[in-house]
Visitor: 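Let me begin by handing over the structure; questions about it come next.
Below, read A as the first sequence line, B as the second, and so on, with proteins coming before strands; counting in each chain starts at 1. Values below: every heavy atom of this structure, side chains too, minus hydrogens, waters and symmetry copies. This is a predicted model, so every value here is computed, not measured.
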2 protein chains.
Amino acid sequence: MGSCQHESELAGGVSQRIDTIINHAEQHCKTHGVRLTDKRKQLLSVLIGSEKALSAYELIDLCKAEFGKAIPAMSVYRMLQFLEDERLVHKLNLANKYVACAHISCDHAHSVSQFLICGECSKVDEISVPKQVFAELEKNVEEAGFHLITPQLEINCICNDCKKGNKH
Amino acid sequence: MGSCQHESELAGGVSQRIDTIINHAEQHCKTHGVRLTDKRKQLLSVLIGSEKALSAYELIDLCKAEFGKAIPAMSVYRMLQFLEDERLVHKLNLANKYVACAHISCDHAHSVSQFLICGECSKVDEISVPKQVFAELEKNVEEAGFHLITPQLEINCICNDCKKGNKH
DNA sequence: CATGCAAATGTTACAATGTATCATTTATTA
DNA sequence: TAATAAATGATACATTGTAACATTTGCATG
Ligand SMILES: [Zn+2]
Ligand SMILES: [Zn+2]
Ligand SMILES: [Zn+2]
Ligand SMILES: [Zn+2]
């Protein structure tokens, strides 16, 4: 770790931090020959700016609040699919919510991720699963006659703040 | 392992196997001072008899087919909640589906479960997570400032049959 | 620049999943 | 048996997600 965006809150404030990540995302898309359109960029920036995982309809509300115009649900789901395919966003199936990848600006490879999802406030942390832990899990999966599809662990948690009874 | 219901297909056929498990479930409920009503028993037996995880509405359809009368969705969700609380049934959040616990008839304690869910055919296997693997995961969760709620891992897989292209 | 194509987005109508609320039935207990 | 609590039913609705078709936008080519 060390260069992950969620750990570096340097001078410049939140909006500049978002811009930096968006720049990385644009570079990523250029490299992959796909287009990060304005709408897709709006969605992504809202997700990057959010501490919590957001549902598709929460995203719609936030986009409307921030950019003035409501994006139809159908379009939002399509854009989320695009961002997921590009690995800029992760869908959390446990919660039916979406988060920006925590490693958009990192240069290190994207290893197997484990998502810790607070059931109270939807705060999410994306951490890496140690290689040998994951290898052990995978071995058991194969022995049971299954094969992994999306190597991604999601776990229902409660965060420290919510455990202490803090309101948000 | 060794005495788990899903590994022992002795003489007597499927329906007797289901009866045996239901008997264990009734004993469990008696011990815990709760009631395994007829409706709850119907739901549970349909789940036990199913190879696949079932959605609430699939359960409604199967109950109607088998017992003649449709159970309202509201009631089904309440009964599923009851069965979940009694640990007779597990909800798979990844798939929004339900499975009977694979260990209702086992005498050994119910350890941390990992559910392998085939995305094609919804076949599910409930296997145990090795203690030390789970301990490692939990350590990382705590270090990230979260606490586990429901120690249950769910992973999107594809089963051998579906991988080979078999239809069901 | 005009034109034509493909990608992206919008619109409408719906399907699927889940719940809040209040009414009714069933079981337990006094 | 009457009172009480637990379980189930009925209705209406909220949330999440998608299919099908229309429209707009970006881009290449003549
Ligand atoms: Zn990521
Ligand atoms: Zn929290
Ligand atoms: Zn179980
Ligand atoms: Zn399968």
Visitor: Whole Å only: how far is the CD1 atom of B:Ile60 from the P atom of C:dT19?
Guide: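 About 13 Å, once rounded to whole Å.
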Visitor: Among the candidates C:dG10, C:dG18, D:dG9, find the nucleotide nearest to the side-chain atoms of B:Lys69.
Guide: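 Of C:dG10, C:dG18, D:dG9, D:dG9 is nearest to the side chain of B:Lys69.
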Visitor: Just the rounded figure in Å: distance from C1' of C:dA8 to CD of A:Gln81.
Guide: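 It works out to 15 Å between those atoms.
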Visitor: Side chain of A:Tyr77: nearest nucleotide among D:dG17, D:dA7, D:dA20?
Guide: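 That would be D:dG17.
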Visitor: Grab the CG-P distance between A:Asp38 and D:dT25 for me, whole Å please.
Guide: 12 Å
Visitor: Have a look at B:Lys41 and say if it touches a base, only the backbone sugar-phosphate, or nothing, with a 4.0 Å heavy-atom cut-off.
Guide: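 No contact at all - B:Lys41 keeps every heavy atom at 4.0 Å or more from the nucleic acid.
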Visitor: Does A:Arg35 make a side-chain N or O approach to OP1 or OP2 of D:dT25 shorter than 4.0 Å?
Guide: no
Visitor: Below the 4.0 Å mark, does C:dG18 have OP1 or OP2 next to a side-chain nitrogen or oxygen of B:Lys91?
Guide: yes
Visitor: How close or far is atom P of C:dA8 from atom CG of A:Leu83, stated in whole angstroms?
Guide: 12 Å
Visitor: Is it true that B:Phe134 and A:Leu137 fall in one hydrophobic cluster, defined by side-chain heavy atoms closer than 4.5 Å?
Guide: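 They do share one cluster, since a chain of ILVMFWY contacts under 4.5 Å joins B:Phe134 to A:Leu137.
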Visitor: At 4.0 Å (heavy atoms only), tell me whether A:Pro72 reaches a base, stays on the sugar-phosphate, or touches nothing.
Guide: base
Visitor: Give a yes/no answer on whether the side chain of A:Lys39 brings an N or O atom under 4.0 Å of OP1 or OP2 in C:dG10.
Guide: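 For C:dG10, OP1 or OP2 has a side-chain N or O of A:Lys39 closer than 4.0 Å.
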Visitor: Given D:dG9, C:dG18, C:dG10, identify the nucleotide with an atom nearest to the side chain of B:Arg78.
Guide: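 Shortest atom-to-atom distance from the side chain points to D:dG9.
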Visitor: Tell me the interatomic distance from A:Ile71, atom CD1, to C:dT11, atom P, rounded to whole angstroms.
Guide: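 My rounded result for the distance is 12 Å.
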Visitor: Side chain of B:Ala56: nearest nucleotide among D:dT16, D:dA7, C:dG18?
Guide: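 Looking only at side-chain atoms, B:Ala56 lies closest to C:dG18.
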Visitor: With DNA chain D as reference, determine whether A:Ser55 or A:Met74 sits nearer its 5' end, using the nearest nucleotide of each.
Guide: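 Its nearest nucleotide lies further toward 5', so the answer is A:Ser55.
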Visitor: Side chains of A:Asp38 and A:Gln42: donor-acceptor distance under 3.5 Å anywhere?
Guide: no
Visitor: Using whole Å, report how far CG of A:Leu92 lies from P of D:dT16.
Guide: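 Nearest whole value for this atom pair: 14 Å.
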Visitor: Between C:dT9, C:dG18, D:dT16, spot the one nearest the side chain of A:Tyr57, thanks.
Guide: D:dT16
Visitor: Does A:Lys97 place a side-chain N or O at less than 4.0 Å from the phosphate oxygens OP1/OP2 of D:dT16?
Guide: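 For D:dT16, neither OP1 nor OP2 has a side-chain N or O of A:Lys97 closer than 4.0 Å.
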Visitor: Side chains of B:Glu84 and B:His90: any donor to acceptor distance under 3.5 Å?
Guide: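 No donor-acceptor contact under 3.5 Å links the two side chains.
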Visitor: Would one find a side-chain N or O of B:Asn96 under 4.0 angstrom from OP1 or OP2 of C:dG18?
Guide: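 Answer yes for this pair, as a side-chain N or O of B:Asn96 is under 4.0 Å from OP1 or OP2.
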Visitor: Nearest whole angstrom, please: distance from the P of D:dA7 to the CD of B:Glu86.
Guide: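 My rounded result for the distance is 10 Å.
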Visitor: Within the distance-only criterion (no hydrogens, no angle test), does the side chain of B:Thr150 pair as donor or acceptor with the backbone N or O of B:Gln152 below 3.5 angstrom?
Guide: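 Checked: no pair found.
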Visitor: Is B:Leu47 close to B:Val99 at the side-chain level, that is, under 4.5 Å between some pair of heavy atoms?
Guide: no
Visitor: Rounded off to whole Å, could you give me the CG-to-P distance for the A:Leu80 and C:dT9 pair?
Guide: 11 Å
Visitor: Could you check which of C:dA8, D:dT16, D:dT8 has an atom nearest any side-chain atom of B:Thr37?
Guide: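 Within the option list, the nearest is D:dT8.
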Visitor: Considering only heavy atoms from C-beta outward, does the side chain of B:His147 approach that of A:Lys163 to under 4.5 Å?
Guide: yes
